[in-house]
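Input: a single structure, listed below in structure tokens.
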Protein chains: 2
Amino acid sequence: MRTRDENKIAAIKEKAIELMVSDGLDGFSIQKLAKAAGVSPATIYIYYKDKEDLIVQLSTDLTYKMLDHSMQGFDPEMDFAEGMRLQWKNRANHCMKYPLELAFIEHIRYSPLYEKTKAEMTARFKDEMGRFVHCAIKNKQLHKLPFEVYWSVAFAPLYQLIKFHSQGRSHKNEHFVLSNKLLMQTCDLVIKALTP
Amino acid sequence: MRTRDENKIAAIKEKAIELMVSDGLDGFSIQKLAKAAGVSPATIYIYYKDKEDLIVQLSTDLTYKMLDHSMQGFDPEMDFAEGMRLQWKNRANHCMKYPLELAFIEHIRYSPLYEKTKAEMTARFKDEMGRFVHCAIKNKQLHKLPFEVYWSVAFAPLYQLIKFHSQGRSHKNEHFVLSNKLLMQTCDLVIKALTP
DNA sequence: AAGATAAATGAATGGTCATTCACTTACAAT
DNA sequence: ATTGTAAGTGAATGACCATTCATTTATCTT
């Protein structure tokens with residue numbers, strides 16, 4: 001039996017991310033991907049059922065990796081402020097380290113393709129975050145709020161900041177840099193909003 | 001000279017929004033649009049240079065309309081908390097009133113096509129918001145912060161809340177409803193974070 | 001060395017795409 | 001009523017698309 005070439009598989013994944021980011025969801029095609037990865041179009045169909053499967057698998061992998069990273073060192077029983085700062089640091093670190101992967105996810109985030117990924121991730125991580133919130137409320141470190149409100153105030157500003165930072169890279173004139181100090185300052189503002 | 005049929009133009013715009021939302025950026029085609037609008041493909045090219053032009057024009061129109069609405073009754077010299085509450089109300093109102101238009105914009109927001117729209121909108125509205133921020137800082141109603149940080153904390157949670165609300169409509173089990181009371185409560189949390 | 005088998009391929013297929021163009025239609029001006 | 005003209009059309013074109021398949025290639029087992 002011929003052994004399979006892991007380099008090819010890696011090249012397919014890597015170039016898929018690059019192409020999706022540069023050409024957008026609508027400009028992305030299997031034939032272009034095959035050429036970019038130095039592979040026959042038919043080879044891609046050995047590893048993925050079809051184009052949708054490729055995109056969904058990739059987005060699920062990357063999203064999982066991102067969320068998993070954000071949970072490193074995290075414990076739902078943590079002090080609220082401490083837990084928040086840890087999450088902010090973890091998430092920002094990961095996004096800055098893998099800007100292409102972040103851009104890939106943002107490109108397909110509003111497409112119907114992302115629904116499956118989102119469902120899986122919710123199942124995997126919502127419970128842990130839910131316990132964190134519940135715990136913090138019990139300890140009077142957090143306002144009693146619907147989960148969606150908590151999430152919106154706690155994390156939406158973080159992702160917006162990262163987006164500003166990433167855009168700054170491509171545009172030449174303006175150049176917003178998200179330093180660690182600024183990140184933690186903003187996190188503390190958010191903590192202030194959420195603390196009774 | 002034959003008079004032009006405004007109904008056709010309106011149908012093209014309306015169906016373009018519907019199709020983009022239902023099929024996504026990648027599933028959207030001129031031929032499908034022509035059929036949905038009851039029009040020849042060639043007719044679309046009378047009003048739009050090409051497919052990109054159609055999408056860009058539409059997204060610019062809708063974004064402008066949305067931002068314009070958000071500025072109703074607004075004055076950069078306003079008291080900070082008052083100005084924030086007005087903006088939150090205006091933006092939420094508009095998004096809930098025209099959910100398809102919001103969905104359209106979110107579908108193309110991360111595509112290269114949106115850059116032109118974004119540049120125009122920044123030029124038009126950033127100045128007014130900048131003065132509001134500057135004024136509030138001067139009156140000691142707002143922390144001195146980079147504009148991006150202010151924006152992220154002040155508005156990212158709002159859009160996230162609206163997104164949760166809109167998603168609730170399609171899914172049957174969970175059903176997060178963004179009431180006016182909850183909206184203003186959350187706005188006040190954000191104000192607390194931003195006030196010295 | 002030969003056979004078995006999964007990996008990998010290039011070319012082909014049928015479909016859809018954006019865009020164009022020769023043409024018809026409807027209306028305002030004459 | 002005739003005419004000029006912009007609005008509107010349907011069919012056609014060439015490019016590109018996702019996917020398949022007959023075939024070849026590389027490696028493991030024997």
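Worth saying up front: this structure is predicted, and the values here are computed from it rather than measured. Order of the sequence lines fixes the chain letters, A, B, ..., with proteins taken first and strands second; residue numbering starts at 1 for each chain.
- The phosphate of D/dA15 (OP1 or OP2) has no side-chain N or O of A/Lys32 nearer than 4.0 angstrom.
- Atom-to-atom, CD1 of A/Ile46 to P of D/dT19 comes out at 15 Å; the value is rounded to the nearest Å.
- A/Phe132 and A/Phe80 have parallel rings, their planes meeting at less than 30° on a 0 to 90° scale where 60° marks the start of perpendicular.
- When each of B/Glu6 and A/Pro41 is assigned the nucleotide of DNA chain D bearing its nearest heavy atom, the one mapping closer to the 5' terminus is B/Glu6.
- Considering only side-chain N and O atoms, A/Ser29 lies under 4.0 angstrom from the phosphate OP1 or OP2 of D/dA18.
- Rounded to whole Å, atom P of C/dA6 lies 14 Å from atom CZ of A/Arg2.
- Among the atoms of the strands shown, base atoms are found under 4.0 Å from some heavy atom of A/Thr43.
- Tested against B/Val133, the residues B/Leu142, B/Leu194, B/Leu145 include a single side chain to side chain contact (heavy atoms under 4.5 Å, CB included) partner, B/Leu142.
- Salt bridge status for A/Lys126 with A/Glu128: absent, with no side-chain N to carboxylate O gap under 4.0 Å.
- Here the P atom of nucleotide D/dC16 and the CG atom of A/Asp23 are 13 Å apart, to the nearest Å.
- The side-chain tip of A/Arg124 does not point at the ring of A/Tyr64 from less than 6.0 angstrom away and within 45° of straight on.
- A sub-4.0 Å separation between OP1 or OP2 of D/dT19 and a side-chain N or O of A/Tyr48 is absent.
- Closest contact between the side chain of A/Lys51 and the listed nucleotides D/dT19, C/dT20, D/dG8 involves D/dT19.
- Between the CZ atom of A/Arg4 and the C1' atom of C/dT9 there is a distance of 17 Å, given to the nearest Å.
- In the interface, the side chain of B/Ser40 is paired with the base of D/dG10 through a donor and an acceptor atom under 3.5 Å apart.
- B/Lys118 and B/Glu115 are joined by a salt bridge, as a carboxylate oxygen and a charged side-chain nitrogen come within less than 4.0 angstrom of each other.
- Nearer the 5' end of DNA chain D, as judged by each residue's closest nucleotide, is the contact made by B/Val39, out of A/Lys49 and B/Val39.
- Atom CG of B/Leu25 and atom P of C/dA18 are 11 Å apart (whole Å).
- When distances run from any side-chain atom of A/Ala42 to the nucleotides D/dT20, D/dA18, D/dA6, the shortest one goes to D/dT20.
- In terms of position on DNA chain C, the residue among B/Met1 and B/Asp50 whose nearest nucleotide sits closer to the 5' end is B/Asp50.
- The distance between atom OH of B/Tyr45 and atom P of D/dA11, rounded to the nearest whole Å, is 18 Å.
- The CD atom of B/Gln31 sits 16 Å away from the P atom of D/dC17 (whole-angstrom rounding).
- Here C/dA7 presents its P atom at 15 Å from CD1 of A/Ile44, a figure rounded to the nearest Å.
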